[in-house]
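Beneath this line is the structure, given in structure tokens, with notes to follow.
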Amino acid sequence: LRQSVAGTSLEAMARAYLGRHASTFALAAVDDSALDLQASREGKAVDVVRFRQLAFGIPVYRGAIAVSFNRRGEPIYAASDLRPLLGTIESSPSVAAREARQVAIAHVGISGALTFDRSELVVFPGADRARLAWWFHLVPYGAPNGDWHVLVDAATGEVLRSENTAFDFDGTGRSYMPDPLSSAHV
């Protein structure tokens, strides 16, 4: 990791590092067709570059990597959530976004208004093969409560994955600002 990387920008340095270690991260390419720059942040001690994984220009569901550099331009940390893509991926959806959205809403059981409704065409890296899918982020105004993420196969209309990412708490407890020891002046 600690080998200095040359480049005219943080992005160029990160791409050079990833290119040098492409086999480690199972990357076929490190250019704009495979990695989309999401953020580049210069900090006081550490600089971070974040990329989103792409397949044929389409984002890979939850595929990302971040590379951190120290002040000497040496990579000190790489956090990879890159996804292996098995099989042949369809290049265009057979199921329209509107149809897939209806499938997702019916699957979750939403009958009322939504406070948040976002969709995106993604590549879903399944266990058997990668598939083109519609990803929906749905937050109903009422029941069923939740923060739903639903993936619908863009070729068949089948629900591939459905997850409620909301945290539901039921119980009692105490809250301290900023923590129990500081609040007690210990």
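Nothing here was measured: the structure is a model prediction, and the numbers come from that model.
- We find the OG-CG distance between Ser80 and Leu27 to be 7.5 Å, quoted to the nearest 0.5 Å.
- Considering CG of Leu35 and CG of Leu82, their distance stands at 6.5 Å, rounded to 0.5 Å.
- If you chain together hydrophobic residues whose side chains sit under 4.5 Å apart, Met13 and Val30 fall into the same group.
- One distance of note links CG of Leu132 with OG of Ser91; it measures 8.0 Å at 0.5 Å rounding.
- Once rounded to the nearest 0.5 Å, the distance linking CZ of Arg98 with CH2 of Trp134 reads 11.5 Å.
- Between Val49 and Leu37, some side-chain heavy-atom pair lies under the 4.5 Å cut-off.
- For the pair Val103/Val159, a side-chain contact is recorded, criterion being any heavy-atom separation below 4.5 Å from C-beta on.
- Under the 3.5 Å distance criterion, the side-chain polar atoms of Trp148 are left unmatched by any main-chain donor or acceptor of Ala104.
- Taking hydrophobic clusters as Ile, Leu, Val, Met, Phe, Trp and Tyr residues chained together by side-chain heavy-atom distances below 4.5 Å, Val150 shares a cluster with Ile105.
- Of all non-hydrogen atoms in Pro140 and Gly146, the two that sit nearest each other are CD-O, 3.4 Å.
- Across all non-hydrogen atoms, the minimal contact from Val67 to Pro75 is CG1-CB, 4.5 Å.
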### Task
Tell me, with the steps shown, if Tyr61 and Val123 meet side-chain contact (heavy atoms from CB on, under 4.5 Å).
CA-CA 6 Å; Tyr61 180 69; Val123 173; over 6 Å; no
### Task
Take Leu18 and Ile65 through the test side-chain contact (heavy atoms from CB on, under 4.5 Å) and record every step on the way to the result.
CA-CA 10 Å; Leu18 292 171; Ile65 189 165; 3.6 Å; yes
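- The cluster map of Ile, Leu, Val, Met, Phe, Trp and Tyr, joined by side-chain heavy atoms under 4.5 Å apart, puts Trp135 and Leu54 in different clusters.
- Between Gln38 and Asp36, the shortest heavy-atom distance links the atoms NE2-OD2, 2.9 Å.
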#### Entry: Test side-chain contact (heavy atoms from CB on, under 4.5 Å) applied to His107 and Ser162, step by step
CA-CA 8 Å; His107 177 79; Ser162 178; 3.3 Å; yes
### Task
Take Arg131 and Glu90 through the side-chain contact (heavy atoms from CB on, under 4.5 Å) test and state the conclusion after the steps.
CA-CA 7 Å; Arg131 301 171 190 222; Glu90 299 293 324; over 6 Å; no
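- Ile76 has its side chain within reach of Val46: a pair of non-hydrogen atoms, C-beta onward, lies under 4.5 Å apart.
- Judged by distance alone, the side chain of Asn70 and the main-chain N or O of Glu74 form a donor-acceptor pair under 3.5 Å.
- Here the closest heavy-atom approach between residue Pro144 and residue Gly109 is recorded as CD-O, 3.5 Å.
- Between Phe56 atom CZ and Leu85 atom CG the span is 8.0 Å, to the nearest 0.5 Å.
- Counting heavy atoms from C-beta on, the side chains of Asp153 and Val95 never come closer than 4.5 Å.
- For an aromatic pair to be called close, the ring centres must be under 6.0 Å apart, and His21 with Tyr17 satisfies this.
- For Ala66 against Arg50, the heavy-atom pair with the smallest separation is CB-NH1, 3.6 Å.
- Going from atom CG of Leu138 over to atom CG of Asn164 covers 11.0 Å, rounded to the nearest 0.5 Å.
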### Task
Given salt bridge (Lys or Arg N to Asp or Glu O under 4.0 Å), test Glu163 with Arg62 step by step and report yes or no.
CA-CA 13 Å; Glu163 178 182 16; Arg62 294 187 176 170; 3.0 Å; yes
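- For Asp147 and His137, the side-chain atoms include at least one donor-acceptor pair closer than 3.5 Å.
- The side-chain heavy atoms of Pro93 and Leu121, taken from C-beta on, include a pair separated by under 4.5 Å.
- Under a hydrophobic-cluster definition in which Ile, Leu, Val, Met, Phe, Trp and Tyr are linked whenever side-chain heavy atoms come within less than 4.5 Å, directly or via other members, Leu10 and Phe25 are assigned to the same cluster.
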Which pairs of donor and acceptor atoms, one on a side chain in residues 110-120, lie under 3.5 Å apart (sequence neighbours left out)?
from	atom 1	to	atom 2	distance (Å)
Thr115	OG1	Val139	O	3.1
Asp117	OD2	Arg101	NE	2.8
Asp117	OD2	Arg101	NH2	2.5
Glu120	OE1	Arg52	NH2	2.9
Glu120	OE2	Arg52	NH1	3.1

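- Within 6.0 Å of CZ in Arg71 there are more than 12 heavy atoms belonging to other residues, nucleotides or ligands.
- Taking all atoms of both residues into account, the shortest heavy-atom contact from Ser94 to Ala155 is CB-O, 3.9 Å.
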